[in-house]
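Chain A is the first sequence line, chain B the second, and so forth, proteins listed ahead of strands; every chain is numbered from 1. Quick caveat, the model's predicted, so the values are computed rather than measured.
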Protein chains: 2
Amino acid sequence: MANVSVASVSRALNGHGGVTAETQKRIREVAARLRYVPHSAARSLITRRTQTIGALLPDLHGAFFSELIRGIDLAARKRGLYLLVSSSHGDATEAAVALRAMQGRVDGLLVMSPHADSAFLDDNLPIVLPTVLINSHVRSERHAALDVDDHGGAFAMVEHLIGLGRQRIVFIAGPKVNHDVQERERGYRDALGRAGLADTATILSGDFTEESGYRAGREALAMQPRPDAIFAANDMMAIGCLSALAEAGVRTPEDIAVTGFDDIPMARYVTPALSTVRVRIAELGEAALEVLVRAIEAPDDAPPEPRAVVGTELVVRASCGGNERIRRRD
Amino acid sequence: MANVSVASVSRALNGHGGVTAETQKRIREVAARLRYVPHSAARSLITRRTQTIGALLPDLHGAFFSELIRGIDLAARKRGLYLLVSSSHGDATEAAVALRAMQGRVDGLLVMSPHADSAFLDDNLPIVLPTVLINSHVRSERHAALDVDDHGGAFAMVEHLIGLGRQRIVFIAGPKVNHDVQERERGYRDALGRAGLADTATILSGDFTEESGYRAGREALAMQPRPDAIFAANDMMAIGCLSALAEAGVRTPEDIAVTGFDDIPMARYVTPALSTVRVRIAELGEAALEVLVRAIEAPDDAPPEPRAVVGTELVVRASCGGNERIRRRD
DNA sequence: GCGCGCAACGTAAACGTTTTCACGCAAGGT
DNA sequence: ACCTTGCGTGAAAACGTTTACGTTGCGCGC
């Protein structure tokens with residue numbers, strides 16, 4: 001309709017040059033008038049690019065999931081990339097199916113899955129597909145990885161408690177297999193160690209539920225001597241712990257300080273408001289996508305970027321007895 | 001490698017018949033051994049199907065977003081469909097760009113956008129692309145639509161309050177343009193009308209924030225005669241309202257009952273625990289996807305399905321003075 | 001024994017792009 | 001006046017499937 005060949009249309013619309021400014025303008029006008037949209041499948045067929053990245057996520061609820069997607073989506077849109085998500089797969093088999101199904105539909109993959117161990121990835125990922133592992137415990141030479149700075153966040157929180165004069169700080173752990181939990185516990189131990197309190201380390205078990213926090217709180221109350229601070233591996237357990245303390249007539253933070261991890265929306269509303277470590281989840285998503293983009297653009301044989309970490313913020317509210325504030329850590 | 005033509009490979013792998021069971025088996029084996037995955041772009045090019053559906057969502061945070069995606073994803077995976085999401089676009093221009101960009105990459109579209117009015121859709125949607133509108137105020141003959149039963153949920157809540165003997169029930173509204181708010185208000189008015197209390201209807205303004213709920217709570221306290229129940233259009237405002245009441249030394253629910261809408265996770269943890277209306281969001285997503293699938297499979301000239309609605313549940317906790325329970329409504 | 005039909009399979013066109021290559025033409029240098 | 005250069009453009013191949021159509025071989029009925 002613009003009296004040119006398809007080749008010129010392609011050149012004009014992609015701005016590759018090689019066409020007069022005048023013909024380019026004409027082609028663009030006709031294209032707009034006809035509401036022409038390039039057929040993406042045909043384009044992908046020849047370019048071997050889909051302009052799409054895939055996100056493989058576990059069965060995640062609530063704020064973490066939505067913030068992560070939000071960050072990824074934001075960064076993807078900025079680069080004109082599409083986002084194919086496959087979330088809420090419960091077991092490794094489902095994850096494997098989803099992973100294989102993404103083959104060929106995406107230029108790169110963001111994988112956050114508790115099921116994704118080394119063997120799993122080797123079995124189901126073609127070597128050629130750039131992949132970024134999020135919060136994964138697998139240490140792979142072949143894939144880039146990005147984690148939350150669980151260690152640093154926990155370290156900062158415990159150091160803060162120590163700075164407030166707390167001497168007997170108990171840690172409520174979460175599910176043992178969880179990589180985040182292990183790192184948070186390590187941060188707890190390291191901070192104690194640095195203050196010369198290594199031998200006071202006490203770990204109560206929990207499973208991330210409010211219920212288990214409540215039980216751990218009661219255990220803590222029964223200890224001799226009583227701890228003067230409780231650091232839970234996540235906010236829900238800290239909230240359960242608060243109930244246990246309140247029920248026993250123990251004052252927070254005067255008698256025992258209580259802190260959590262995650263800064264879920266609820267943390268601000270419980271009484272007393274919960275001190276916690278905020279994870280900048282959207283930022284995690286954005287950063288992951290950017291690492292992935294670089295991996296996609298890099299030559300095939302380039303080594304993956306070194307493992308990186310996104311920062312956390314210490315959120316000081318009433319439950320630990322400090323002055324309320326937020327301190328950002330990068 | 002299996003000594004057959006590409007045509008037979010295609011037939012074998014797609015199970016179209018026309019090949020011996022024996023050759024089919026052989027082809028399948030070779031394919032598995034070579035880790036062959038069909039090139040989806042090439043397939044889409046010829047079949048004109050992408051096996052992908054797109055979801056266009058506004059800048060949504062928290063549980064609503066994640067639950068919705070979860071429902072959609074679950075239903076999509078069940079049908080072997082992929083999910084392309086584009087969320088968190090702030091204004092109509094961004095939404096339009098996202099919408100156009102999805103052209104040709106998806107077989108159908110799920111649109112939930114406050115910016116998506118009739119004109120917007122007409123401008124940016126090709127007529128041929130099956131589309132389901134979620135929680136939209138536009139009444140279009142061309143697209144199917146699915147809404148939350150805001151009216152029914154609000155109606156049930158107000159009826160419940162009336163059943164508990166409350167006579168002066170105030171409603172805290174949300175943003176005026178919001179379709180959900182309008183429907184919730186309508187449910188409130190209808191329930192009052194049915195009980196012969198139409199002339200007691202009182203609307204306080206709010207904007208969905210906790211802060212505005214707090215202000216509305218103070219307004220309510222100043223009214224003469226004082227209301228004996230406050231129904232907020234969402235939970236955050238109800239929570240703000242609770243603070244205002246507690247601050248004034250007014251007892252909940254004895255003096256004034258307070259209820260919300262949404263059943264956000266926090267609702268259960270405030271004091272007193274908040275009675276509210278739970279929206280089955282994941283179910284909304286699933287249902288929307290299924291309507292969409294039917295629209296895709298229907299002949300092009302078939303009329304869209306009639307507008308449908310997904311149910312809500314009345315969640316009775318302490319803040320309204322009834323016996324705690326959950327009542328499901330379909 | 002011959003033709004017919006049918007099942008199994010192969011051949012090749014088609015899908016809509018991008019990109020390489022060739023071509024024509026104008027400008028500029030010898 | 002001729003060759004070179006470079007730029008704008010068109011022709012055609014290529015991407016990897018699906019599918020309409022053609023071909024083959026076999027069994028069966030006459």
Any donor-acceptor pair under 3.5 Å linking the side chain of A/Asp147 with the backbone of A/Val309?
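Flag not set: sc A/Asp147 to bb A/Val309 has no pair under 3.5 Å.
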Between [N] atom [atom2] and [X] atom [atom1], what is the distance in whole Å?
X: B/Gln51; N: D/dT18; atom1: CD; atom2: P; value: 11 Å
X: A/Asn3; N: D/dT9; atom1: CG; atom2: C1'; value: 13 Å
X: A/Ile27; N: D/dG10; atom1: CD1; atom2: C1'; value: 12 Å
X: B/His16; N: D/dT18; atom1: NE2; atom2: C1'; value: 8 Å
X: A/Glu22; N: D/dC7; atom1: CD; atom2: C1'; value: 15 Å

So what does A/Thr47 touch, heavy atoms closer than 4.0 Å: a base, only the sugar-phosphate, or nothing?
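Here A/Thr47 touches the backbone only, sparing every base.
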At under 4.0 Å between heavy atoms, what does A/Val4 touch on the DNA or RNA strands: base, sugar-phosphate, or nothing?
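It contacts sugar-phosphate atoms only.
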Is there side-chain contact between B/Lys78 and B/Leu289, with at least one heavy-atom pair below 4.5 Å?
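No, side chains not in contact.
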Is B/Ser40 near enough to D/dT17 that one of its side-chain N or O atoms lies under 4.0 angstrom from OP1 or OP2?
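Checking D/dT17 against B/Ser40, no side-chain N or O comes under 4.0 Å of OP1 or OP2.
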Which value, rounded to the nearest 0.5 Å, describes the distance between B/Ile134 atom CD1 and B/Leu56 atom CG?
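Nearest 0.5 Å value for the CD1-CG distance: 10.0 Å.
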Out of curiosity, A/Leu146 CG to A/Ser136 OG, how far, rounded to the nearest 0.5 Å?
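Going from the CG atom of A/Leu146 to the OG atom of A/Ser136 covers 11.0 Å.
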Does A/Arg70 count as lying over the ring of B/Phe65, i.e. NZ or CZ under 6.0 Å from the six-ring centre, within 45 degrees of the axis?
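The answer is no, since A/Arg70 fails at least one limit relative to B/Phe65.
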DNA chain C: B/Thr23 or A/Ser8, which has the more 5' nearest nucleotide?
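The residue closer to the strand's 5' end, by nearest nucleotide, is B/Thr23.
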May I ask you to check whether B/Asp107 and B/Thr50 show a side-chain donor-acceptor distance below 3.5 Å?
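Present: a donor and an acceptor within the cut-off.
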Base, backbone or nothing for each nucleotide of nucleotides 11-16 of chain D, written B, S, -, heavy atoms under 4.0 angstrom, 5' to 3'?
B--BBB
